[in-house]
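Only one structure is covered here, and it is reproduced in the block below.
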Amino acid sequence: MTAVDPAGAHEDASAGTPRRDVPGRRGRLRALRQFVPTPRATPFTFCYGLVLLATAVYAEFGDEATVNQLLRDSSTDAAHLADRPLVVLVASALWVAGGLWSFFGLAFAPVLGALERRVGGLRTAGVFLLGHVLATLATELPVAGAVAAGRLPAASLHRLDYGISFGLMAALGALACLQPTRPKWVLLGGASLMCAQDLVEFADPLASWGHPIALLTGCACHALLRDGRDSDRADAAVPLPLPAQAEPGQREPSRAPQQGLAGGVSPGGVGEEPAERGGGEVVRRGPAEAQAGGDVMGVDDGLHDAHGGEAGPVRVSPRVPRPVRRGGGADGGGEERRRDADALQPR
């Protein structure tokens, strides 16, 4: 046998490659995966992102004259809103102003995807659409009124206005209000600083006023949104109704009627005895007397307390009456008993 040096084994073990922090890496990858939309987790964000990616690529590499014409036809200016409002409200949200590398292009997937994971695709689409529509109308309708009053030139009715910035700001406001206290004020503070900078610079009056309006719209939607995870926990906490249990010793009502004379229904212990002059007389018998006389008992008679009341009712099929032996009297009472047996046979 060869001896093994414990010190050498310890050195070999210590000289091996260091272990990788696999759980830590998996946790970071999982955290990064939350910002990437997927067709299963965030179908609305994923499909909408593909549409925006296609229009952004076409706006970058397509024919310049065709792209400009498409943008003018998709503009939500006052003239188009008065002519075809629904078409331009939808078409203007299919373009990213400034391209995919702008702030709103980069923030689209993280903001909209995070909101969809919290409240679902339908509610996310509703918040986005509401912020887009309300902010657009709040900025374009005053322009139309100012032109009608003569304070702005008629060219202001055809001002180019398109993009996803209004809807994305509404989604950011709704997402911020769903967060805990500290992340909530961090997100709202950053969005408020951006809106304040736009108002100070005032480079684009429509966007400068539209962004804070859309942000407030998203914050107001917080009262209408339900957190999906909280509702799942609330539903899981509700106990299911327990089935009703019978108390020990409680009898169930008899469900099978007893067969009486001529196939009729009669109470338990009722039979017919032959009279002295050949006539039949109905008398009430106990269970023991009925068995002694050969009569057919009911299904449930005398079977409820089969095991001291602990077992349930015993279900047995009714016995078929046996032929009656002759004996006694003129014909031994056999004729009367045969009529009783024939009356009990199923027809």
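Note that the structure is predicted; figures quoted are calculated from it, not measured. Only this structure's heavy atoms are used, side chains among them; waters, hydrogens and symmetry mates stay out.
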Residue pair Tyr48, Ile164: steps toward the side chain to side chain contact (heavy atoms under 4.5 Å, CB included) verdict: CA-CA 11 Å; Tyr48 194 10; Ile164 61 171; 3.7 Å; yes

Side chain to side chain contact (heavy atoms under 4.5 Å, CB included) between His158 and Arg72, worked out: CA-CA 9 Å; His158 302 278; Arg72 283 194 296 269; over 6 Å; no

Trace of the side chain to side chain contact (heavy atoms under 4.5 Å, CB included) decision for Val119 with Leu178: CA-CA 9 Å; Val119 300; Leu178 291 174; 3.6 Å; yes

Test side-chain hydrogen bond (donor to acceptor under 3.5 Å, both in side chains) applied to Ser75 and Asp161, step by step: CA-CA 5 Å; Ser75 175; Asp161 183 20; over 6 Å; no

Derivation and outcome, side chain to side chain contact (heavy atoms under 4.5 Å, CB included), residues Phe46 and Arg40: CA-CA 9 Å; Phe46 182 80; Arg40 292 188 61 182; over 6 Å; no

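Rounding to the nearest 0.5 Å gives a distance of 11.0 Å between CG of Leu193 and CG of Asp198. Separating the CZ atom in Arg117 from the OG1 atom in Thr42 is a distance of 5.0 Å, to the nearest 0.5 Å. Note that the OG atom of Ser165 and the CG atom of Leu172 stand 12.0 Å from one another [nearest 0.5 Å]. Glu201 contributes atom CD, which lies 8.0 Å from atom OG of Ser208 (distance to the nearest 0.5 angstrom). Ser192 contributes atom OG, which lies 5.5 Å from atom CG of Leu215 (distance to the nearest 0.5 angstrom). In this structure, the separation between CG on Leu100 and OG on Ser102 is 7.5 Å, given to the nearest 0.5 Å.
No side-chain heavy atom of Val143 sits under 4.5 Å from any side-chain heavy atom of Arg159. The shortest distance between side-chain heavy atoms of Leu115 and Phe128 does not fall below 4.5 Å. Using a 4.5 Å heavy-atom threshold, the side chains of Gln179 and Arg118 count as touching. Side-chain contact check for Cys219 versus Leu188: some heavy-atom pair is nearer than 4.5 Å. Taking 4.5 Å as the limit, some side-chain heavy atom of Leu52 sits within range of a side-chain heavy atom of Phe108. A 4.5 Å side-chain heavy-atom check between Val88 and Leu81 finds at least one atom pair inside the cut-off. Looking at Leu175 and Val127, their side chains never come closer than 4.5 Å, going by heavy atoms from C-beta outward. Side-chain contact between Leu129 and Val133 is present, with at least one heavy-atom pair separated by less than 4.5 Å.
Closest approach of Ile213 to Ala138, counting heavy atoms only: CD1-CB, 3.8 Å. The two residues Ala78 and Glu140 make their nearest non-hydrogen contact at N-OE1, 3.4 Å. Among all heavy-atom pairs drawn from Cys221 and Leu130, the shortest one is SG-CD2, 3.6 Å. Met169 and Cys195 make their closest contact through CE-SG, 3.6 Å (heavy atoms, listed as atom of the first residue, atom of the second, distance). Minimum heavy-atom separation, Pro142 to Leu137: CD-O, 3.9 Å.
Of the possible donor and acceptor atoms, one in the side chain of Thr139 sits under 3.5 Å from a partner among the backbone N and O of Ala135. With Asn68 contributing its side chain and Glu64 its backbone, the two residues share a donor-acceptor pair below 3.5 Å.
Legend: side-chain hydrogen bond (donor to acceptor under 3.5 Å, both in side chains) pairs involving residues 49-60, not counting sequence neighbours: none detected. Applying the ring-ring contact (aromatic ring centres under 6.0 Å, His included) test to pairs two or more places apart or on separate chains, those with a residue in residues 165-189 are Phe166-His211.
Residues meeting the side chain to side chain donor-acceptor pair (under 3.5 Å) test with Thr45, sequence neighbours left out: Glu116.
No continuous path of ILVMFWY side-chain contacts below 4.5 Å connects Leu134 to Leu89, so the two sit in separate hydrophobic clusters. Hydrophobic clustering, with ILVMFWY side chains joined whenever heavy atoms are under 4.5 angstrom apart, keeps Val96 apart from Val90. Hydrophobic clustering of Ile, Leu, Val, Met, Phe, Trp and Tyr side chains at less than 4.5 Å, counting indirect connections, unites Val51 with Trp95.
Defined by atom type and a distance below 3.5 Å, a donor-acceptor pair is present between the side-chain atoms of Ser92 and His132.
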